[in-house]
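Single-structure report; data block below.
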Amino acid sequence: MSKLTDKEYLTQKQYKDSTNLDVRVAIHKRFSTNSYGWFNWVFDSFSALPENATILEIGCGTGELWKECESRIPKNWALTLTDISDGMLDAAWRNLIRIHRGIKFEKVDSQSIPYADKTFDAVIANYMLYHVADRKKAFAEIKRVLKDDGVLFSATAGANHLREMYEWVFRVSGGRHGQIALQFTLENGKEQLQEFFPRVELSRYPDSLQITDVDMLIAYVRSMASVELSEEEIQKLEQEWSKLLVKDGAIHISKDAGLFQALQ
């Protein structure tokens, strides 16, 4: 089983707490070239939801979406944020308890959602469906708990996401590590969703990274589940990136991100 779908690895190591995710979020927030912001862009997609919407987020992580868009959350929305990791739920609670919105935080596996049929106006899955071992089971569960006019918002990455970084990792590792083959991407996600949802729309978010802090980029690589480099290989990366930073003033890395809206 891939680490990306290994529940024990994800809950006990990669996402035991928020450390790894915090490192990755930080580099995108600081160095993304699209100043509008990923979370603001995602939140724009919720504009058609009712004023009293019931919303379920699966794989909520640290709750960054709601933290970043706190002022935009309608007062009558009912939010249920879930994750399979106790550590991530704790981080989300700490980030959001101060906003006093009556948010529910619950431990839930997307393959077995413990809520009644037709409960939610929207389900949100932000960069998490490629972690689900049985996505068909998860899609069936999501469809079941959505109302008849409900919608699934599902963000994920495309084939060119962080392409240059993976090329550097591939080279210094002698081909041991490189671009990971995600099982739910911007290229193959629509076909998977259409088995359960008759209408699926994809929007892409234009963005890239212009990184000026090598230490943060090294920390990003260290945080990744799919990459295990020796200290010698890490030093090679650091040397290459430091030279590139001096030469070009920034390290350019492509981003390929987008959002599916799947309607009943």
Side-chain angles (χ1 to χ4, degrees), residues 25 36-85 88-89 91-129 131-132 135 137-156 184 189-190 192-205 257-264:
V25 168
Y36 189 66
W38 165 257
F39 294 111
N40 265 325
W41 181 80
V42 169
F43 207 94
D44 286 348
S45 300
F46 306 157
S47 60
L49 294 177
E51 292 183 1
N52 60 344
T54 53
I55 297 172
L56 170 67
E57 183 172 17
I58 53 176
C60 68
T62 60
E64 196 72 23
L65 169 64
W66 309 102
K67 178 183 175 183
E68 285 293 306
C69 301
E70 172 187 342
S71 64
R72 300 182 64 184
I73 305 171
K75 64 179 181 179
N76 291 324
W77 277 10
L79 304 179
T80 301
L81 308 191
T82 70
D83 205 287
I84 60 171
S85 162
M88 300 307 279
L89 283 173
W93 180 84
R94 291 177 185 277
N95 278 333
L96 299 171
I97 190 63
R98 61 177 179 77
I99 72 174
H100 305 296
R101 294 297 183 109
I103 301 171
K104 295 180 180 179
F105 300 90
E106 299 187 350
K107 188 174 182 178
V108 170
D109 186 331
S110 63
Q111 297 163 108
S112 182
I113 299 176
Y115 306 117
D117 295 1
K118 304 183 189 306
T119 297
F120 298 99
D121 294 289
V123 173
I124 299 167
N126 191 16
Y127 272 80
M128 59 77 59
L129 283 170
H131 287 308
V132 178
R135 277 180 306 285
K137 191 172 183 180
F139 292 148
E141 282 288 272
I142 291 167
K143 184 177 179 67
R144 179 184 63 77
V145 300
L146 277 171
K147 296 178 182 178
D148 290 338
D149 58 351
V151 57
L152 165 64
F153 299 94
S154 177
T156 192
F184 183 82
K190 185 173 185 177
Q192 295 180 47
L193 289 166
Q194 284 178 327
E195 291 188 42
F196 298 85
F197 299 92
R199 294 176 291 162
V200 180
E201 302 169 358
L202 170 62
S203 302
R204 272 186 154 90
Y205 180 69
L259 181 73
F260 289 107
Q261 293 188 49
L263 297 93
Q264 296 275 54

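Predicted model only: the values in this text are computed from it and were never measured. Start at 1 with the first residue, then count along the sequence.
Note that SG of C60 and CD1 of I84 are 11.0 Å apart. Values are rounded to the nearest 0.5 Å. Rounding to the nearest 0.5 Å gives a distance of 6.5 Å between CG of L129 and OG of S110. The line from CH2 of W66 to CZ of R72 is 10.5 Å long, rounded to the nearest 0.5 Å. Between atom CG of residue N95 and atom CD of residue E64 there is a gap of 6.5 Å, rounded to the nearest 0.5 Å. In this structure, L81 CG and I103 CD1 are separated by 5.5 Å, a value rounded to the nearest 0.5 Å. In this structure, the separation between OG1 on T62 and CH2 on W93 is 15.0 Å, given to the nearest 0.5 Å.
Contacts of K67 classified as salt bridge (charged side-chain N to carboxylate O under 4.0 Å, His left out), with partners at least two apart in sequence or in another chain: none. E201 meets the salt bridge (charged side-chain N to carboxylate O under 4.0 Å, His left out) test with no other residue; sequence neighbours excluded.
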Evaluation steps, salt bridge (Lys or Arg N to Asp or Glu O under 4.0 Å), between K104 and E57: CA-CA 10 Å; K104 295 180 180 179; E57 183 172 17; over 6 Å; no
ring-ring contact (aromatic ring centres under 6.0 Å, His included) assessment of W41 paired with Y36: CA-CA 7 Å; W41 181 80; Y36 189 66; 8.9 Å; no
Residue pair V42, Y205: steps toward the side-chain contact (heavy atoms from CB on, under 4.5 Å) verdict: CA-CA 9 Å; V42 169; Y205 180 69; over 6 Å; no
Audit row: D83, K107, side-chain contact (heavy atoms from CB on, under 4.5 Å) steps and yes/no: CA-CA 5 Å; D83 205 287; K107 188 174 182 178; over 6 Å; no
Working for side-chain contact (heavy atoms from CB on, under 4.5 Å), residues F184 and L193: CA-CA 10 Å; F184 183 82; L193 289 166; 4.0 Å; yes
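Relative to the six-membered ring of F197, K143 meets both conditions, a distance below 6.0 Å and an angle of at most 45° to the axis.
The shortest side-chain heavy-atom distance between L263 and P198 does not fall under the 4.5 Å cut-off. Using a 4.5 Å cut-off on side-chain heavy atoms (C-beta onward), L259 and S45 make contact. Contact check for I73 versus F43: side-chain heavy atoms found under the 4.5 Å cut-off. For the pair L49/P74, no side-chain contact is recorded, criterion being any heavy-atom separation below 4.5 Å from C-beta on.
When all heavy atoms of A92 and G63 are compared, the pair lying nearest together is CB-N, 3.9 Å. Across all their heavy atoms, A116 and T119 have their closest contact at O-OG1, 2.5 Å. Taking every heavy atom of both residues into account, A125 and M128 meet most closely at CB-SD, 3.6 Å. Scanning all heavy atoms of the two residues, the minimum distance from A257 to W38 falls at CB-CZ3, 3.8 Å.
For Y127 (side chain) and T156 (main-chain N/O), a donor-acceptor pair under 3.5 Å exists by modelled atom type. Formation of a donor-acceptor pair under 3.5 Å by the W77 side chain with backbone atoms of R101 is not found in this model. Judged purely by atom type and a 3.5 angstrom limit, R135 uses its side chain to pair as donor or acceptor with the backbone of V132.
At most 12 heavy atoms of other shown residues, nucleotides or ligands fall within 6.0 angstrom of atom CZ in R94.
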Could you pull out every donor-acceptor pair under 3.5 Å between side chains of residues 146-155 and any protein atom, sequence neighbours left out?
unit_1	atom_1	unit_2	atom_2	d
K147	NZ	D121	OD1	3.4
K147	NZ	D121	OD2	3.3
D148	OD1	K118	NZ	2.6

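Of the residues R144, E106, E141, the one that meets the side chain to side chain donor-acceptor pair (under 3.5 Å) test with Y115 is E106. Looking at V123, I124, I142, V108 one by one, the single match for side chain to side chain contact (heavy atoms under 4.5 Å, CB included) with L56 turns out to be V123.
For D109 and K137, the salt-bridge test fails: no basic side-chain N is under 4.0 Å from an acidic carboxylate O. Salt bridge absent: K190 and E195 never bring a charged side-chain N and a carboxylate O closer than 4.0 Å.
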